[in-house]
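First the structure, in the form of C-alpha cells, and then the observations on it.
Note on naming: letters A, B, ... go to the chains in the order of the sequence lines (proteins, then strands), and numbering restarts at 1 for each one.
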Amino acid sequence: MNIESKLIETVIEAVHDIYDQAPDAKTIQIQKTRKDFEGDFTLVVFPLLRMSKKSPEQTATELGDYLQQNVKEINSYNVIKGFLNLTIDKSFWLDFINSVGNNNSYGFIEADENSRTMMIEYSSPNTNKPLHLGHIRNNLLGYSVAQILKSQGNNVVKVNLVNDRGIHICKSMLAWQKWGDDVTPEKANKKGDHLVGGFYVKFDQEYKKEIKELVDKGSTEDDAKKNAPLILEAQEMLRKWEAKDSEVIALWEKMNSWVLNGFDVTYKELGVDFDKVYFESETYKLGKSLVEEGLEKGVFFKKEDGSVWIDLKDEGLDQKLLLRSDGTSVYMTQDLGTARQRFTDYNANELIYVVGNEQNYHFQVLKIVLSKLGYSWADYLHHLSYGMVELPEGKMKSREGTVVDADDLIEGMVSTAEEMSQELGKLDNYSAEEKKEIVKTIGLGALKYFILKVDPKKTMTFDPKESIDFNGNTGPFIQYTYARIQSLIRKAAEKDIEIPTQVSDQVEVSAKELQLIKFLHTYPEILNEAAKNFSPAIIANYVYDLVKEYNQFYHDHPIFSETDRDKLLFRLFLSIQVSKVINSGMHLLGINVPDRM
RNA sequence: GGUCUCGUAGCUCAGUUGGAUAGAGCAACAGCCUUCUAAGCUGUGGGUCCCAGGUUCGAAUCCUGGCGGGAUCACCA
C-alpha cells in the first residue's frame with residue numbers, strides 16, 4: 001500500500017476515534033505540501049470541520065497528534081490555518097529511492113488477463129497529398145498515447161486508416177492522366193506522395209480556371225463549380241472506380257502505391273508505426289451494407305433523388321447524408337463500415353480516434369448513427385480531438401501555399417540541429433556517422449517535444465524559429481541533461497568508482513536532494529493521469545520540471561568534488577535514478593535520448 | 001444564426017478531484033566557465049487569470065450570462 005492511501009485510511013480512523021464520525025474517503029484530501037511550507041504531505045482539514053465541530057487549527061492539531069502516534073513514517077507535523085502539514089521520515093524516502101534503483105520499469109504496469117484492449121487509430125492520411133504539420137501532431141499524439149496506454153497495463157492495437165478512395169483521389173488521378181506525361185517518382189526523382197500531391201494542386205488550379213471561365217460567361221459561382229468539365233470527369237471516374245473499371249483501378253493502384261511508399265519514409269523518420277492498416281477501399285462496401293440495414297430498420301430515409309439521409313433533429317443536430325444520389329459512398333459511409341470491421345477483428349473495450357477537432361461533428365454523428373443501428377459498442381468509441389497547429393503568420397492554407405510539409409519540416413529541424421552543434425563545436429570528436437545520428441535525435445526531439453508539451457485539445461502555434469531555439473522548455477534541453485548524466489557514469493568508470501545498487505540509510509541527504517526524491521515519487525501518478533487523459537503533455541511537463549530541479553541540484557553540488565565517499569555515491573546513484581525516469585518519460589513521448597551530445 | 005471549443009506575464013505555454021502568496025521558458029537587463037558537457041546556472045523587472053454575477057470556509061479551476069478568437073453546420077475527406 002502506498003503512503004498516501006495509508007494516510008487517508010488513518011485519517012478516517014482518527015475521525016472515527018476522536019469525533020465518532022464516519023467520513024467519506026472523498027472528503028479526505030491528502031496532497032503534496034507546497035514548496036514554501038515545511039512538510040511532505042498536507043491534509044486539508046476544512047471539509048472535516050463539520051464533523052469535528054471545532055476550529056480548523058484545533059482539528060488539525062488533534063488529527064496531527066493522532067497521525068503521528070499511529071503512522072510510523074510520520075516524523076513531525078505543523079499546522080497553518082486549516083492545513084496540516086506532515087513530515088515523513090527520511091528513511092521512508094531512502095527506502096523508496098532504493099526501490100526505484102532495483103526497478104527497471106518504475107511506474108509501468110504489466111498487462112495481465114484483466115487488461116483492457118484499446119484500439120487507437122491515428123494518422124489517417126489521404127492518398128492524394130503528402131503529410132503536413134497537422135499530421136505530425138496527429139502522428140506524434142497517436143503514437144505517444146499508445147505508448148502511455150501500454151505502460152499502464154493495457155493491450156494496445158495501433159491502427160492506421162488510409163483514405164485511399166473518394167473524389168479527392170480521383171482528382172489527382174485525373175490530373176496525372178491529363179498532364180502527367182507518364183511521369184513516375186523514379187523519373188521525377190521525387191517522393192511519391194509529393195509527386196501525387198503536385199497533381200492534386202494542378203487539378204485545383206485548372207478547375208479554378210474553368211470555374212472562372214464559366215462565371216465570365218454568365219454562370220453563377222455555384223453552377224460553375226458543379227458543371228465545370230473537370231469536376232464532372234472526376235465524378236465519372238469515381239463512379240467507374242466503384243464499378244471496378246479495370247483501367248481506373250490500375251491507375252489507382254499505381255498512384256496509391258507511390259504515395260504509400262512516400263508515407264512509409266515519413267513514418268520511419270518520425271518513428272511511428274502501426275499494428276494494422278485499414279484501407280477505406282476495403283471497408284466502404286461494408287459501410288454501404290450498413291446503410292442498407294439502416295434503411296430496412298427505418299433508421300435512415302431515402303430522398304426522391306435516391307440519396308440516403310439520417311434525421312438527427314431530435315438530437316439537436318441536422319440531417320446528415322449517408323449515401324450520394326448516384327449511389328457512391330461518402331466519408332460517413334465508410335467510417336461506419338470501418339468501425340464495424342474493427343469490432344469484428346478485435347474485441348476492443350475502447351476505440352480511440354485521434355482526429356482533429358474540425359471533425360468533432362462527424363464523430364458525434366458517427367456515434368449516434370451506430371447506436372441507432374443498435375450496436376452497443378458505439379459507447380466504446382472515443383474521439384481524441386486535438387487542436388489545429390497554426391503558424392505565427394497565421395493559419396495554414398494549402399491554397400495560399402502556407403502549408404508546412406512534414407518532410408521539409410523534419411529535414412529543416414535536423415539541419416538546424418546540425419548547424420547549432422557545429423557552431424558550438426559540440427560534435428567535433430565524433431565520426432560523421434555518429435554525428436548524423438545525434439543530430440537527427442536532437443532535431444526530431446526538438447520537434448516532437450515542442451508539439452507534445454502542449455495540451456492536445458488546444459490550438460497551438462508552431463513557430464519554426466522558436467522551435468529551433470534550444471534553450472528553455474525544449475526537448476534538447478532535456479536530452480542534454482540526460483547526456484550529461486551518462487557522461488557522469490563514464491567519468492565514474494574512468495575513476496574506478498563503482499556505482500552502488502542501493503544507498504545506506506546513514507547517508508546525509510540535503511533538502512534539495514530530498515525534493516528530487518519526492519519528485520520521482522510522483523512519477524507513477526503522473527503516468528496514470530496521462531493515461532486517463534490521453535495526454536502526453538502531462539508527462540512532457542513533468543519531465544521538464546524534473547530536469548530543471550536536477551540541474552539546479554547539479555550546479556550547487558558538483559559530484560566529483562565531493563570528498564565524503566558516501567555522499568558522492570549517493571549523488572551518483574540519485575543522478576542515475578533521475579536519468580532513468582527522464583529516459584522512460586521521453587520514451588513514452590516517442591523521443592530518443594542520446595548518450596552524448 | 002445553432003452547436004462545440006479556447007481566453008493565464010509583451011510572446012509560447014504549465015497550473016493535480018476547487019485549497020495556502022498563480023508558475024516556467026522566450027524576449028530585456030545584471031552576474032557566473034583553472035573543478036563531472038556554459039545547448040547550462042544565478043539574480044532583477046514583468047499579472048484586472050477576458051468581463052460580470054452565482055455556488056463555497058475557499059474559485060484561474062464549478063454554474064449562469066456577456067465579450068473576444070477558432071472550428072463546424074457540404075452529394076469534400
(message) What's the gap between B:G70 and B:A38 when it is taken at their P atoms, as a whole Å value?
(response) 46 Å

(message) Can you check the distance between B:G2 and B:G66, where both ends of the measurement are the P atom (answer in whole Å)?
(response) 9 Å

(message) In whole Å, measure the gap between the P atoms of B:C51 and B:A59 for me.
(response) 15 Å

(request) Give A:Gln235 one of three labels, base, sugar-phosphate or nothing, depending on what nucleic acid heavy atoms sit under 4.0 Å from its own. (result) nothing

(request) Report the distance from atom OH of A:Tyr449 to atom P of B:C13, rounded to the nearest whole Å. (result) 13 Å

(message) Rounded to whole Å, how long is the line connecting atom NZ of A:Lys35 with atom P of B:A14?
(response) 18 Å

(request) Could you give the distance separating B:U48 and B:U3 at their C1' atoms, to the nearest angstrom? (result) 31 Å

(request) Using a 4.0 Å heavy-atom cut-off across all strands, classify A:Val330 as base, sugar-phosphate, or nothing. (result) sugar-phosphate

(request) Determine, using ring centers only, whether A:Tyr353 and A:Tyr122 are less than 6.0 Å apart. (result) no

(request) Once you apply the 3.5 Å cut-off to both distances, tell me the Watson-Crick or G-U wobble partner of B:U72, or none. (result) B:G2

(message) A:Asp222 vs A:Lys226, test: salt bridge (charged side-chain N to carboxylate O under 4.0 Å, His left out). Steps then yes/no.
(response) CA-CA 6 Å; A:Asp222 275 358; A:Lys226 276 182 198 156; 5.8 Å; no

(request) Indicate syn or anti for B:C6, taking the glycosidic torsion and treating anything within 90° of 0 as syn. (result) anti

(request) List the protein contact pattern of nucleotides 2-7 of chain B with one symbol per nucleotide (5' to 3'): B for base contact, S for sugar-phosphate-only contact, - for none; contact means a heavy-atom distance under 4.0 Å. (result) --S-SS

(message) Go nucleotide by nucleotide along RNA chain B from the 5' end; which of A:Thr33 and A:Arg165 gets its closest nucleotide reached first?
(response) A:Thr33

(request) Apply side chain to side chain contact (heavy atoms under 4.5 Å, CB included) to A:Tyr554 and list each qualifying residue two or more places apart in sequence or on a separate chain. (result) A:Arg484, A:Tyr550

(request) Searching all strands shown, indicate the nucleotide that pairs with B:A38 (Watson-Crick or G-U wobble; both distances under 3.5 Å). (result) none

(message) Distance check needed: B:G19 P versus A:Phe37 CZ, whole Å only.
(response) 14 Å

(request) Going 5' to 3' through nucleotides 27-43 of chain B, assign each nucleotide B (protein heavy atom under 4.0 Å from a base atom), S (under 4.0 Å only from sugar-phosphate atoms) or - (no protein heavy atom that close). (result) ---------BBSBSSS-

(request) Output all residues satisfying side chain to side chain contact (heavy atoms under 4.5 Å, CB included) with A:Lys35, sequence neighbours left out; order by chain, then residue number. (result) A:Gln515, A:Glu549

Would you be so kind as to tabulate the donor-acceptor pairs closer than 3.5 Å made by side chains of residues 446-454 of chain A, with sequence neighbours excluded?
unit_1: A:Lys448; atom_1: NZ; unit_2: A:Leu270; atom_2: O; d: 2.8
unit_1: A:Lys448; atom_1: NZ; unit_2: A:Gly590; atom_2: O; d: 2.7
unit_1: A:Tyr449; atom_1: OH; unit_2: A:Asn473; atom_2: OD1; d: 2.7
unit_1: A:Tyr449; atom_1: OH; unit_2: A:Ala540; atom_2: O; d: 3.0
unit_1: A:Lys453; atom_1: NZ; unit_2: A:Asn473; atom_2: O; d: 3.1

(message) Would you say NZ of A:Lys302 has more than 12 non-hydrogen atoms from neighbouring residues, nucleotides or ligands within 6.0 angstrom?
(response) no

(request) Give the rounded distance in Å between these two atoms: CH2 of A:Trp309 and P of B:C73. (result) 12 Å

(message) Could you work out, with side chain to side chain contact (heavy atoms under 4.5 Å, CB included) as the rule, every residue matching A:Ser281, not counting sequence neighbours?
(response) A:Asp164, A:Arg165, A:Trp241, A:Trp252, A:Phe279

(request) Could you note down all residue pairs passing salt bridge (Lys or Arg N to Asp or Glu O under 4.0 Å) where residues 308-326 of chain A supplies at least one of them, sequence neighbours left out? (result) A:Arg239-A:Asp326, A:Glu315-A:Lys372

(request) Let me know the distance between CD1 of A:Ile539 and P of B:A14, rounded to the nearest Å. (result) 15 Å

(request) Please work out if A:Asn85 contacts a base, only the sugar-phosphate, or nothing of the nucleic acid, heavy-atom cut-off 4.0 Å. (result) base

(message) If stacking means aromatic ring centre less than 5.5 angstrom from the base's six-membered ring centre, planes under 30°, is A:Phe83 stacked on B:G19?
(response) no

(message) Expressed as a whole number of angstroms, how long is the span from A:Leu238:CG to B:C76:P?
(response) 9 Å

(request) Let me see the working for A:Ser385 and A:Asn360 under side chain to side chain donor-acceptor pair (under 3.5 Å), right down to the final yes or no. (result) CA-CA 7 Å; A:Ser385 162; A:Asn360 286 353; 3.0 Å; yes

(message) Base, sugar-phosphate or nothing for A:Thr42? Non-hydrogen atoms, less than 4.0 Å.
(response) base

(message) Work out how far the C1' atom of B:A20 is from that of B:U37, and round it to whole angstrom.
(response) 40 Å

All N/O donor-acceptor pairs, side-chain side in residues 420-429 of chain A, below 3.5 Å, sequence neighbours left out:
unit_1: A:Ser421; atom_1: OG; unit_2: A:Ala417; atom_2: O; d: 2.7

(message) So if I define the base as every atom that isn't primed, P, OP1 or OP2, how would nucleotides 55-60 of chain B read as a B/S/- string at a heavy-atom cutoff under 4.0 Å?
(response) --B---

(message) Going by side chain to side chain contact (heavy atoms under 4.5 Å, CB included), name the residues that satisfy it together with A:Pro594, two or more places apart in sequence or in a different chain.
(response) A:Thr441, A:Gln479, A:Met597

(request) Take A:Asp40 and A:Lys32 through the test salt bridge (charged side-chain N to carboxylate O under 4.0 Å, His left out) and record every step on the way to the result. (result) CA-CA 6 Å; A:Asp40 298 320; A:Lys32 269 135 276 162; over 6 Å; no

(request) Sequence neighbours left out, what pairs pass ring pair (Phe, Tyr, Trp, His ring centres under 6.0 Å) with at least one residue falling in residues 523-544 of chain A? (result) A:Tyr106-A:Tyr523, A:His382-A:Phe534, A:Phe477-A:Tyr544, A:Phe519-A:Tyr542, A:Tyr523-A:Tyr542

(message) Please classify the nucleic acid contact of A:Asp455 as base, sugar-phosphate, or nothing, using heavy-atom distances under 4.0 Å.
(response) sugar-phosphate

(request) Under 4.0 Å between any heavy atoms, over every strand shown, what does A:Ser307 touch: base, sugar-phosphate, or nothing? Just pick one. (result) base

(request) Please measure how far the P atom in B:A27 lies from the corresponding atom in B:A39, and state the result in whole Å. (result) 15 Å

(request) Pick the C1' atom in B:C49 and in B:G15, then give their distance to the nearest Å. (result) 11 Å

(request) Select one nucleotide: of B:U72, B:A77, B:C13, the one nearest the side-chain heavy atoms of A:Asn163. (result) B:A77

(request) Return each pair, listed once, that meets side-chain hydrogen bond (donor to acceptor under 3.5 Å, both in side chains) where at least one residue sits in residues 487-499 of chain A; pairs must be two or more places apart or across chains. (result) none

(message) Say we look at B:G47 and B:C63: how far apart would their P atoms be, to the nearest angstrom?
(response) 29 Å

(request) Could you tell me whether the phosphate oxygens of B:C76, OP1 or OP2, come under 4.0 Å of any side-chain nitrogen or oxygen in A:Arg324? (result) yes

